[in-house]
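Quick notes on the structure that follows.
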Amino acid sequence: MSSFQGQMAEYPTISIDRFDRENLRARAYFLSHCHKDHMKGLRAPALKRRLECSLKVHLYCSPVTKELLLTSPKYRFWEKRIISIEIETPTQIPLVDEASGEKEEIVVTLLPAGHCPGSVMFLFQGNNGTVLYTGDFRLAKGEAARMELLHYGDRVQDIQSVYLDTTFCDPKFYQIPSRAECLSGILELVRGWISRSPYHVVWLNCKAAYGYEYLFTNLSEEFGLQVHVDKLDMFRNMPDILHHLTTDRATQIHACRHPKAEEYFQWNRLPCGVTSKNRIPLHTISIKPSTMWFGERTRKTNVIVRTGESSYRACFSFHSSYSEIQDFLSYICPVNVYPNVIPIGTTMDKVIEILKPLCRSSQSIEPKYKPLGKLKRARTAPLDSEEEEDDLFDDPLPVPLRHKVPNQQTLHPEVFPVPAVSQNQPQKLTQSTECFKVENMQTSLRTNFIDCEESNSESEEELQVPASSPADPGPVTHQQKAEAEVPQWEVFFKRKDDITDEGLENLPSSTEGGGLSVTKAFK
DNA sequence: GCGATCAGTT
DNA sequence: CACAACTGATCGC
């Protein structure tokens, strides 16, 4: 649970993921993702009032987060004050103090965080240096090195401070099986059950939170069965998710919820109330996604664990493991690090003790901070390793292996796609929010400028923006998926003949699928 | 009636 | 099994 209070030392006039107390005075707000514990105060009367009299205050987030947030009527009042920023597009934002008229500019870049749909990290660049707020993240080893915009030329950016998701920053969480390994385990468990008959169904016992969507889409893709959920209107503009979900209860894969779901399940009833199909009782198993971890020297073991007659736990994590955190931070190698979370059973001091050695402040030959302008210019071509060694003597970032991995756009697209938000009608921007592309002298990367200077009612115009469809890595075939990663974690589930088959012999030999898009072969 | 907070549950 | 959110009790406006 995040204990970040909303403000960063370098840029105290902006607030991120907290909207109460001191944050009520912020010049701009940022939301990293749409989870309730990062939205404290976001719909409180105090902030609502502030918004009414401070017309230059906006909330910045990713297009997907904006879509998810505005689906809830409780947050509709934000509609005209949210500005979505495309992923990986440096964007300049004015920070205006409405009382004094004092103005400061900051450039923000959204980087995919792999935590839930729309989740991002914020990279801020301004007068007080470059800082990175990670929000909540799950990034595999090496993924920071593949992020183009964390780099300046071929080098990693000179980052003053990182505000870090330390949820699993404890050596006991040393390793967590990868997304692909967990997914593969769940796919095989589900396959082993639902292929027995159309009356064999699985219930995915998920918490009420965004973040399971890639599980649903992969299951649906694999078996040609949409996943039953309670609500799907939040995904109405995200076809890649929407098409894999249904509110029709006649499917073999359920992720519906009910306050008494566990109780229901004991009586062979799904949370949506279904107990049978064609008057034939269903055979149900529950699969509860939950985090599993292994210490540095613990033998790797199963990603699926049987917890009862018809219950399983399946490995699933929203957050990076200890070793993934170490990889991430040691690559960035900032001057300072601030934990956003104190994991239960540990202390701030212990977390700092773990993270400090990965920062420049404790290891640098030359610990003094140098502003960006004084850094040696990055070379255009990579050096060979020998030259590299020599170079370290006057390099203010004396950590090797911190060069960009050329292969970008590979943030596990096969299991964690960044959804595209598309609108049928052209998007209407009612603010005079002019975004235009210029060449940024410093980074040579495209920068958007958001100018809120004239956002008063008289200059309001309706800008017609063509329906946007952000760059998509493209569909990944099953073939590619299979080749992408061979799980090194053993997938465990009971032998097929161990799975109870009671009642199966009485089933009709019909393969009628009850409206399902695909009917599984019937044994 | 609404919201904030806390304890308990999953 | 450690996330994140719901539920219900309590208090205050």
Side-chain angles (χ1 to χ4, degrees), chain A residues 1-4 17-21 23-24 31-49 65 68-69 72-75 77 113-119 134-138 165-177 179 182 203-215 229-231 234 255-266 270-271 286-295 298 301-308 311-322 324-325 339-347 350-351:
Chain A
M1 199 66 67
S2 183
S3 55
F4 180 69
D17 289 354
R18 283 297 285 263
F19 309 91
D20 57 350
R21 307 160 74 101
N23 302 301
L24 286 165
L31 178 63
S32 70
H33 65 288
C34 212
H35 276 168
K36 294 266 160 51
D37 60 324
H38 288 251
M39 292 158 62
K40 197 170 183 203
L42 191 54
R43 63 183 200 86
L47 185 56
K48 218 167 173 171
R49 278 196 301 275
T65 295
L68 297 178
L69 187 70
S72 164
K74 304 264 175 79
Y75 295 98
F77 70 93
H115 175 71
C116 71
S119 68
T134 70
D136 283 352
F137 76 97
R138 171 114 205 240
D165 174 13
T166 45
T167 301
F168 291 134
C169 190
D170 182 322
K172 79 175 178 189
F173 303 117
Y174 191 85
Q175 42 189 343
I176 295 171
R179 243 186 261 284
C182 297
W203 171 48
L204 302 165
N205 182 0
C206 300
K207 297 178 228 301
Y210 296 119
Y212 300 100
E213 292 71 18
Y214 78 84
L215 174 59
V229 293
D230 301 311
K231 304 182 84 187
M234 57 285 250
C256 41
R257 296 198 317 273
H258 188 277
K260 295 197 168 75
E262 308 264 355
E263 198 178 300
Y264 273 37
F265 184 75
Q266 301 240 297
L270 291 165
S286 74
I287 303 171
K288 184 175 190 164
S290 49
T291 310
M292 295 177 187
W293 58 85
F294 305 94
T298 315
T301 178
N302 323 307
V303 296
I304 303 289
V305 171
R306 196 174 189 185
T307 53
S311 315
Y312 298 83
R313 281 203 313 128
C315 186
F316 196 93
S317 181
F318 288 167
H319 299 270
S320 278
S321 67
Y322 179 80
E324 286 164 349
I325 293 170
N340 290 346
V341 183
I342 302 308
I344 40 190
T346 187
T347 63
K350 283 191 172 170
V351 175

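Quick note: numbers below take in every heavy atom, side chains included, and nothing from hydrogens, waters or symmetry partners. Every chain is numbered from 1, with letters handed out A, B, ... down the list of sequences. If you're wondering where the values come from, they're calculated on a predicted model, not measured in any experiment.
Distance OH (A:Tyr210) to C1' (C:dA5): 13 Å, rounded to an integer number of Å. With rounding to whole Å, A:Lys231 atom NZ is found 15 Å from C:dC6 atom C1'. Rounding to whole angstrom units, CZ of residue A:Arg138 and P of C:dA4 are separated by 13 Å. Following rounding to the nearest Å, A:Asp165 (CG) and C:dA4 (C1') show an atom-to-atom distance of 13 Å. Taking atom CG on A:Asn302 and atom P on C:dC1, their separation rounds to 14 Å, with Å as the unit. The nearest whole Å value for the distance from the CZ atom in A:Phe318 to the P atom in C:dA5 is 8 Å. A straight line from CE of A:Met1 to P of C:dA2 spans 12 Å, rounded to a whole angstrom. Between A:Gln175 atom CD and C:dA2 atom P there is a gap of 19 Å when expressed in whole angstrom units.
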Can you check nucleotides 7-13 of chain C for protein contacts, nitrogen or oxygen pairs under 3.5 Å, and list what you find?
none

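Minimum atom distance to the side chain of A:Lys36 is reached by C:dC6, of the listed C:dC1, C:dA4, C:dC6. Of all nucleotides listed (C:dA4, C:dC6, C:dA2), C:dA2 comes nearest to the side chain of A:Ile344.
Using a 30° and 60° split on the angle between ring planes, A:Tyr214 and A:Phe316 fall in the parallel class, below 30°. A perpendicular orientation is assigned to the rings of A:His115 and A:Phe318, their planes being inclined by more than 60° (bins at 30° and 60°).
Residue A:Lys172 places no side-chain N or O under 4.0 Å from the OP1 or OP2 atom of C:dC1. Contact annotation: A:His319 does not reach the phosphate of C:dA2 (side-chain N/O to OP1 or OP2, under 4.0 Å). For C:dA4, the OP1/OP2 oxygens have no side-chain nitrogen or oxygen of A:His33 closer than 4.0 Å.
Under the 4.5 Å side-chain criterion, counting only non-hydrogen atoms from C-beta, A:Lys48 is in contact with A:Phe77. A:Trp203 places a side-chain heavy atom less than 4.5 Å from the side chain of A:Pro271. Residues A:Lys40 and A:Arg21 form no side-chain contact, since every pair of their non-hydrogen atoms from C-beta on lies 4.5 Å or further apart.
Defined by atom type and a distance below 3.5 Å, a donor-acceptor pair is missing between the side-chain atoms of A:Arg313 and A:Thr307. Between A:Asp136 and A:His35, the side chains place no donor N or O within less than 3.5 Å of an acceptor N or O (distance only, hydrogens not considered). Donor-acceptor pairing under 3.5 Å is recorded for the side chains of A:Asp17 and A:Ser32.
Within the 4.0 angstrom heavy-atom criterion, only backbone atoms of the sugar-phosphate kind lie near A:His115; the bases stay farther away. Here A:Thr167 lies in heavy-atom contact (under 4.0 Å) with sugar-phosphate atoms only.
Aromatic rings of A:Tyr264 and A:His258 (six-membered ring for Trp) have centroids within the 6.0 Å cut-off, being under it.
Here the side chain of A:Ser286 pairs no donor or acceptor atom with the backbone of A:Asn205 at under 3.5 angstrom.
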Quiz prompt | B/S/- contact track for nucleotides 3-10 of chain B, protein heavy atom under 4.0 Å | solution = SSS----S
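Of the two residues near DNA chain C, A:His38 and A:Trp293, the one whose nearest nucleotide lies more 5' is A:Trp293.
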